[in-house]
2 protein chains.
Amino acid sequence: MTRSEENYIKTIFHLGGNDTTLISTNAIAEQMETKPSSVTDMARKLAKKGLLYYKKYQGVSLTDIGVKTALSIIRKHRLWEVFLVKKLDFSWDEVHEVAEQLEHIKSEKLIDKLDELLDFPKYDPHGDPIPSKDGKFMERDKQLLSEIPINTKGVCVGVKDTSSTFLKFLDKNNIALGNTIEVLEKEEFDQSLHIQMSGKELHISHQIASNLYVKLND
Amino acid sequence: MTRSEENYIKTIFHLGGNDTTLISTNAIAEQMETKPSSVTDMARKLAKKGLLYYKKYQGVSLTDIGVKTALSIIRKHRLWEVFLVKKLDFSWDEVHEVAEQLEHIKSEKLIDKLDELLDFPKYDPHGDPIPSKDGKFMERDKQLLSEIPINTKGVCVGVKDTSSTFLKFLDKNNIALGNTIEVLEKEEFDQSLHIQMSGKELHISHQIASNLYVKLND
DNA sequence: AATTAAATTTAGACAAATCTAAAAATTTGT
DNA sequence: ACAAATTTTTAGATTTGTCTAAATTTAATT
């Protein structure tokens with residue numbers, strides 16, 4: 001598989017192509033910052049290779065092989081992200097770009113050994129699950145901070161927005177995965193939240209709260 | 001720089017292009033398993049980019065920028081090789097292929113942090129020197145085992161042939177970098193050697209001895 | 001249901017990197 | 001030094017992945 005083919009497969013997966021829902025060429029083009037006509041060409045090619053189904057004018061969906069391929073690429077991407085953070089002291093807003101390159105390195109041994117070096121991590125630095133060698137992964141039971149009731153406590157386990165600006169903002173406010181958060185109060189007016197975290201009280205906007213995942217304490 | 005451009009620069013450097021000697025397009029083509037006409041095209045392109053001098057029908061040599069570029073790629077390649085051996089338990093005959101891919105990853109921070117993780121190694125798993133960030137490196141003072149006199153002792157510090165078959169052969173015979181070797185006797189007939197290593201006596205062919213580097217004890 | 005709007009595909013072109021076959025330059029051999 | 005052999009370059013074609021602009025299909029609107 002070429003790098004370009006891999007990027008298409010990965011994008012289609014992220015757009016929800018793991019079930020039979022058809023993904024439009026337009027949606028893919030937009031996500032990949034390319035033109036719909038280019039997507040059409042590639043869709044044909046990947047369909048012929050058996051990685052996806054392509055219905056003219058309707059869109060594409062991944063075949064079983066396509067899904068397996070996507071999970072393998074995502075596994076590599078997320079393992080490399082863990083490596084960058086845990087072994088090379090990258091911050092979580094710096095890893096994506098480099099992992100985009102590293103995910104295309106072809107060596108099964110490399111990725112298995114990397115997995116071992118990192119002690120078989122289950123989640124990447126943004127809280128996203130890392131598929132196992134055989135393509136299984138557990139999506140964590142989690143909710144957006146903006147959607148949990150007042151006076152409940154949860155642990156911060158992930159981010160929805162993984163943009164550099166958002167992650168840097170979180171760093172600046174000492175919001176990190178693993179922190180325990182309690183919702184003290186919700187402002188009716190702008191849906192901003194008063195929360196307690198690491199002993200301190202904090203006021204955060206709805207925009208922030210709707211991009212932070214927490215796992216409720218059981 | 002594209003991956004292809006980087007491979008050309010690296011190959012030209014290895015063919016001796018770090019001085020003003022002109023390297024023929026044929027030699028480059030043979031080394032890279034491509035056609036001379038392809039080399040001509042790329043030579044033009046790289047000359048226009050200022051990475052090498054190209055004299056029609058004469059050959060190419062790297063500019064200062066070209067040499068710097070080559071050293072940067074070689075630095076990456078060798079650091080990744082060390083990583084694979086030291087951190088991921090690859091054997092020295094497995095690293096080349098993967099390092100060929102990893103050397104093209106673009107991130108200065110990545111390579112600097114990797115250098116740090118590995119404790120700033122000076123040599124790769126085959127004994128070849130690793131250029132520093134600013135392109136300096138020390139070629140070790142070494143000699144081929146086949147060329148040192150009888151009854152001298154040396155430490156095995158490198159291999160000339162880095163092919164998988166040769167490296168596997170060395171493994172099988174417990175010959176590794178760092179071992180102390182003493183030449184006991186040379187056979188006039190076939191120039192094979194009787195050596196002492198790790199307490200044991202060994203008989204090795206000229207072919208082996210002329211692909212092993214040793215550093216004489218001082 | 002007809003027309004307009006939007007999405008998608010087709011057709012043709014382009015850049016990068018390569019190749020083959022023919023032409024040109026250089027080197028070699030006598 | 002001149003012809004033959006070798007090396008190198010040129011010219012034109014190919015593949016991959018992309019693009020633009022035009023044509024076609026599907027969806028939306030009244």
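Per chain, numbering begins at 1; letters A, B, ... match sequence-line order.
Between C:dT8 and A:Thr25, a contact under 4.0 Å exists linking OP1 or OP2 to a side-chain N or O. A close approach under 4.0 Å does occur between a side-chain nitrogen or oxygen of B:Arg44 and OP1 or OP2 of D:dT10. Between A:Thr2 and D:dT16 there is no side-chain N or O to OP1 or OP2 distance below 4.0 Å. An OP1 or OP2 oxygen of D:dC19 is reached within less than 4.0 angstrom by a side-chain nitrogen or oxygen of A:Thr34. When the side-chain nitrogen and oxygen atoms of A:Lys55 are compared with OP1 and OP2 of C:dT8, none of them lie within a distance under 4.0 Å. Residue B:Tyr54 places at least one side-chain N or O under 4.0 Å from the OP1 or OP2 atom of D:dT9. Within the structure, a side-chain polar atom (N or O) of A:Tyr8 is placed less than 4.0 Å from OP1 or OP2 of D:dT18.
Taking the charged nitrogens against the carboxylate oxygens, A:Lys113 and B:Glu94 have no contact shorter than 4.0 Å, which rules out a salt bridge.
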Show me the protein contacts with nucleotides 20-22 of chain D, counting only N or O atoms at under 3.5 Å.
| residue | atom | partner | partner atom | Å |
| --- | --- | --- | --- | --- |
| D:dT20 | O4 | A:Ser37 | OG | 3.1 |

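Of the two residues near DNA chain D, B:Ser24 and A:Gln58, the one whose nearest nucleotide lies more 5' is B:Ser24. Nearest-nucleotide positions on DNA chain D for A:Glu33 and B:Asn26 put B:Asn26 closer to the 5' end.
Annotation: ring-ring contact (aromatic ring centres under 6.0 Å, His included) contacts involving residues 65-90 of chain B, sequence neighbours excluded, comprise A:Phe83-B:Phe83, B:His77-B:His96, B:Trp80-B:Phe83.
Rounded to an integer number of Å, the gap from CG of A:Leu22 to P of D:dA27 is 11 Å. Spacing between atom CD1 of A:Ile23 and atom P of C:dT8 amounts to 11 Å, rounded to whole angstrom units. Regarding B:Asp41, its CG atom lies at a distance of 12 Å from the C1' atom of D:dG12, rounded to whole Å. Between the C1' atom of D:dT8 and the CD1 atom of B:Ile28 lies a distance of 12 Å, rounded to the nearest Å. Whole-Å rounding puts the A:Arg3 CZ to D:dT18 C1' distance at 17 Å.
In this structure, B:Arg140 is not positioned above the aromatic face of B:Tyr213 in the sense of NZ or CZ being under 6.0 Å from the six-membered ring centre and within 45° of the axis.
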Apply side-chain hydrogen bond (donor to acceptor under 3.5 Å, both in side chains) to residues B:Gln31 and B:His14 and explain how you reach the verdict. CA-CA 10 Å; B:Gln31 183 73 25; B:His14 283 311; over 6 Å; no
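A side-chain donor from one of B:Thr165 and B:Ser163 sits under 3.5 Å from a side-chain acceptor of the other.
Around CD of A:Glu187, the count of heavy atoms belonging to other residues, nucleotides or ligands within 6.0 Å exceeds 12.
Applying the salt bridge (Lys or Arg N to Asp or Glu O under 4.0 Å) criterion to A:Lys86, with sequence neighbours excluded, gives no partner residue.
Listed nucleotides D:dT18, C:dT9, C:dT26 differ in distance to B:Tyr57; the shortest reach to its side chain belongs to C:dT26.
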